[in-house]
*Asks:* 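Right, I'll just put the structure down here and ask away after.
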Amino acid sequence: MEFVEERQEMIRVIKEEAAYTYAYTGKKSIDSVILQVMAEIPRHEFVPKAMWPYAYANGPLYIGSGQTISQPYIVALMTDLLSPEPGHTVLDIGTGSGYQAAILSRLVKQVHSVEIVETLALEAKTRLHRLGYDNIEIKIGDGAQGWEEHSPFDGIVVAAATPFVPPNLVAQLKPGGKLVMPLGSSNKAQELIVVEKKENGETDQRYVLPVIFVPLVENHE
Ligand code: SAH
């Protein structure tokens, strides 16, 4: 099964939703290069087979270990807000299925991704290797710590909400780099935010859209 038409329909819905949310996001459309990449990536390969009939619907899907793959429109928006460029090195927090990492891998030079649930990290590693994405490195660990060894990053994207912006992530951004993440706690309203590190090292924070994400698991080690 190729799901080519289903993917085209998913792209159409993403475009429609971008137009609906324009008042919030200030963005009438998602970058066409990002949409092209999303039209090619087999999202069904990132979800359990039982979910294949819903793989291209514009909703989150269960991926096991109590986790979900984010809604396609939100993935598209977060990718766009990151302003990826071919020479970039980016950090993806919360690998989950590896879908966000796969999209980024087609848009930038190198993706580093951190996942706290070992099973998910190992499954994503196997999956991404099998599908031929060879510029993604995955580590099992607490994403709030970032990945110092590979820093600084041109962009960081986080797929789980925290009540505060993790300071390590800001520290690991290059000047001019962007951090895109849901801010808030699990039981209260969350906002998708973009933190931009200016050339002088100061940061600007912008609220984009109300969202719902799983909470970032705290590491109590
Ligand atoms: N980007 C993923 C979305 C996964 S949902 C995808 O495309 O499929 C969020 C993920 O964040 C979950 O897999 C969850 O296990 C992971 N997560 C939660 N807390 C974390 C932490 N502290 N560090 C790293 N990953 C974390």
Side-chain angles (χ1 to χ4, degrees), residues 7 10 14 34 37-38 40-48 51-52 54-82 84 90-108 111-128 131 133 136-151 153 155-169 172 179-186 190 192 211-221:
R7 271 200 295 283
M10 179 184 84
I14 290 175
I34 295 171
V37 165
M38 290 183 74
E40 285 164 12
I41 294 189
R43 190 172 189 254
H44 63 280
E45 294 278 5
F46 294 82
V47 298
M51 296 291 171
W52 279 21
Y54 319 105
Y56 296 98
N58 190 31
L61 285 175
Y62 186 63
I63 55 169
S65 303
Q67 295 300 336
T68 54
I69 179 172
S70 311
Q71 179 190 357
Y73 164 64
I74 293 294
V75 175
L77 177 64
M78 290 177 83
T79 308
D80 190 302
L81 290 168
L82 206 61
V90 299
L91 180 65
D92 168 51
I93 304 295
T95 317
S97 67
Y99 181 65
Q100 172 76 77
I103 292 170
L104 288 170
S105 84
R106 291 292 189 247
L107 296 163
V108 303
V111 181
H112 300 281
S113 188
V114 185
E115 169 59 55
I116 204 163
V117 178
E118 184 176 2
T119 322
L120 290 174
L122 297 177
E123 280 173 11
K125 210 179 255 189
T126 308
R127 173 182 297 125
L128 291 166
L131 296 173
Y133 300 96
I136 305 171
E137 193 186 359
I138 296 175
K139 166 172 107 161
I140 300 162
D142 176 15
Q145 307 306 317
W147 197 339
E148 173 121 51
E149 189 190 337
H150 296 294
S151 67
F153 301 100
I156 303 177
V157 60
V158 187
T162 56
F164 305 100
V165 177
N168 284 316
L169 298 186
Q172 291 175 25
L179 165 63
V180 180
M181 61 170 287
L183 186 71
S185 50
S186 55
Q190 301 167 7
L192 188 63
V211 285
I212 305 169
F213 275 80
V214 293
L216 194 82
V217 176
E218 282 181 50
N219 195 344
H220 297 291
E221 273 172 25

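First listed ligand is number 1; within each ligand, the first listed atom is number 1. Throughout, residue positions are numbered sequentially from 1 according to the sequence presented. Keep in mind that this is a model prediction, so the values were computed, not measured. As a basis for the values below, the full set of heavy atoms in this structure was taken, side chains included, without hydrogen atoms, waters or symmetry mates.
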*Asks:* Looking at Tyr62, I'd like to know if its OH atom is crowded, meaning that more than 12 non-hydrogen atoms belonging to other residues, nucleotides or ligands lie closer than 6.0 Å.
*Replies:* yes

*Asks:* Check each atom of ligand 1 against the heavy atoms of Val114 and keep those under 4.0 Å away; list them by number with element.
*Replies:* 24 (C), 25 (N)

*Asks:* Among protein heavy atoms, which sits nearest to atom 11 (O) of ligand 1, and what does the distance come to when rounded to 0.1 Å?
*Replies:* Gly94 CA, 3.2 Å

*Asks:* Tyr99: which residues meet the ring pair (Phe, Tyr, Trp, His ring centres under 6.0 Å) condition with it, sequence neighbours left out?
*Replies:* Phe46

*Asks:* For ligand 1, which atoms, with element, lie under 4.0 Å from some heavy atom of Gly143?
*Replies:* 21 (C), 22 (N), 23 (N), 24 (C)

*Asks:* Would you mind listing which atoms of ligand 1 come within a distance below 4.0 Å of any non-hydrogen atom of Gly141?
*Replies:* 23 (N), 24 (C)

*Asks:* Does any part of the side chain of Arg43, heavy atoms only, come nearer than 4.5 Å to the side chain of Ile69, both counted from C-beta?
*Replies:* yes

*Asks:* Among Ile69, Thr68, Val217, which one puts a heavy atom closest to atom 4 (C) of ligand 1?
*Replies:* Thr68

*Asks:* Among protein heavy atoms, which sits nearest to atom 8 (O) of ligand 1, and what does the distance come to when rounded to 0.1 Å?
*Replies:* Ser97 OG, 2.7 Å

*Asks:* List every atom of ligand 1 that sits less than 4.0 Å from any heavy atom of Thr95, numbering the atoms from 1 in the order shown and giving each element.
*Replies:* 1 (N), 2 (C), 6 (C), 8 (O)

*Asks:* Side chains of His150 and Glu137: does their closest heavy-atom pair fall under 4.5 Å?
*Replies:* yes

*Asks:* Looking only at protein heavy atoms, identify the closest one to atom 26 (C) of ligand 1 and say how far it is in Å.
*Replies:* Ile116 CG2, 3.6 Å

*Asks:* Check whether Ser113 reaches the backbone of Asp92 with its side chain - one donor and one acceptor, N or O, closer than 3.5 Å.
*Replies:* yes

*Asks:* Report the nearest protein non-hydrogen atom to atom 9 (C) of ligand 1: residue, atom name, distance rounded to 0.1 Å.
*Replies:* Ala159 O, 3.3 Å

*Asks:* As an exercise, identify every atom of ligand 1 less than 4.0 angstrom from a heavy atom of Val117.
*Replies:* 15 (O)

*Asks:* Please work out which of Met78, Gln100, Arg43 has its closest non-hydrogen atom nearest to atom 7 (O) of ligand 1.
*Replies:* Gln100

*Asks:* Does Glu218, backbone or side chain, put an N or O under 3.5 Å from an N or O of ligand 1?
*Replies:* no

*Asks:* Would you mind checking which non-hydrogen protein atom is closest to atom 12 (C) of ligand 1, with the distance to 0.1 Å?
*Replies:* Gln67 OE1, 3.3 Å

*Asks:* Using only atom types and a distance under 3.5 Å, with no angle test, would you say the side chain of Gln190 pairs donor to acceptor with the backbone of Phe213?
*Replies:* yes

*Asks:* Nearest non-hydrogen contact with atom 13 (O) of ligand 1 belongs to which option: Glu115, Glu118, Lys139?
*Replies:* Glu115

*Asks:* Do any N or O atoms from the side chain of Glu115 and from the backbone of Ala121 form a donor-acceptor pair under 3.5 angstrom?
*Replies:* no

*Asks:* List the atom pairs, donor and acceptor, that lie under 3.5 Å between side-chain atoms in residues 138-149 and the rest of the protein, sequence neighbours left out.
*Replies:*
from   : atom 1 : to     : atom 2 : distance (Å)
Asp142 : OD1    : Ala144 : N      : 3.1
Asp142 : OD2    : Gln145 : NE2    : 3.3
Gln145 : OE1    : Asn168 : ND2    : 3.2

*Asks:* Could you check whether any side-chain N or O of Thr162 sits under 3.5 Å from a backbone N or O of Phe164, counting only pairs where one atom can act as donor and the other as acceptor?
*Replies:* yes

